[in-house]
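Structure first, commentary second.
In what follows, every heavy atom counts, from backbone to side chain, and hydrogens, waters and symmetry copies are set aside.
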Amino acid sequence: ALVTRCIWELPKKEQELKFLQEQIDQERKNLRYIEDRKRKLEQNLYMVQSRTAYFVQQVNMAIADLEKT
């Protein structure tokens, strides 16, 4: 009886396994997308910070030049 039950349940369990593997694959794709977006956002943030620092430096230099005159 146990062997018969296993034979009948095996296809269902294999189908469930396949479904779970597909879900895992989809979640991995989602994770890769999120990681890529995070990396791009970090790059953009770094660029903004660098440009802001440069701008502040230029403003400070201009103020210093104005104060000399």
Side-chain angles (χ1 to χ4, degrees):
L2 183 58
V3 172
T4 303
R5 181 176 174 202
C6 288
I7 291 172
W8 283 103
E9 289 184 9
L10 182 62
K12 181 180 177 186
K13 294 299 178 186
E14 288 174 334
Q15 186 179 19
E16 289 175 10
L17 177 61
K18 182 180 176 186
F19 175 75
L20 290 173
Q21 287 173 331
E22 289 171 355
Q23 283 185 314
I24 290 170
D25 290 343
Q26 184 60 44
E27 290 303 322
R28 285 184 176 144
K29 287 178 186 177
N30 291 341
L31 179 59
R32 281 192 299 270
Y33 172 78
I34 290 169
E35 289 172 337
D36 185 53
R37 291 289 299 144
K38 178 184 173 273
R39 182 183 50 79
K40 288 177 183 178
L41 289 170
E42 287 172 341
Q43 289 173 345
N44 289 338
L45 179 60
Y46 175 77
M47 188 177 1
V48 167
Q49 289 171 331
S50 298
R51 289 180 180 179
T52 300
Y54 177 76
F55 178 73
V56 168
Q57 180 185 22
Q58 295 298 310
V59 168
N60 288 334
M61 288 171 51
I63 290 170
D65 286 345
L66 288 173
E67 290 175 345
K68 290 179 186 176
T69 58

Q) Between the side chains of Gln26 and Asn30, is a donor N or O closer than 3.5 angstrom to an acceptor N or O? A)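 Asn30 and Gln26 do have a side-chain donor-acceptor pair below 3.5 Å.
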Q. For Val3, what are the other residues in its hydrophobic cluster, where any two members join if their side-chain heavy atoms are less than 4.5 angstrom apart?
A. Ile7
Q: Report the hydrophobic cluster partners of Ile63, with the cluster defined as I, L, V, M, F, W, Y residues connected by side-chain heavy atoms closer than 4.5 angstrom, directly or transitively.
A: Phe55, Val59
**Q.** Sequence neighbours excluded, every pair satisfying side chain to side chain donor-acceptor pair (under 3.5 Å) that has a member inside residues 34-52
**A.**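 The answer is Asp36-Arg39, Asp36-Lys40, Lys38-Glu42.
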Q. Are the side chains of Glu9 and Lys12 in touch, meaning some heavy atoms are under 4.5 Å apart?
A.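 Side chain of Glu9 against side chain of Lys12, heavy atoms only: no contact under 4.5 Å found.
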Q | Rounded distance (nearest 0.5 Å) linking atom CD of Glu27 with atom CG of Leu20 | A |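 Going from CD on Glu27 over to CG on Leu20, the span is 11.5 Å.
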Q) So how far is it from Leu17 CG to Gln15 CD, rounded to the nearest 0.5 Å? A) 11.0 Å
Q.
Using side chain to side chain contact (heavy atoms under 4.5 Å, CB included), reason through Lys13 and Glu16 one step at a time and then give a plain yes or no.
A. CA-CA 5 Å; Lys13 294 299 178 186; Glu16 289 175 10; 3.6 Å; yes
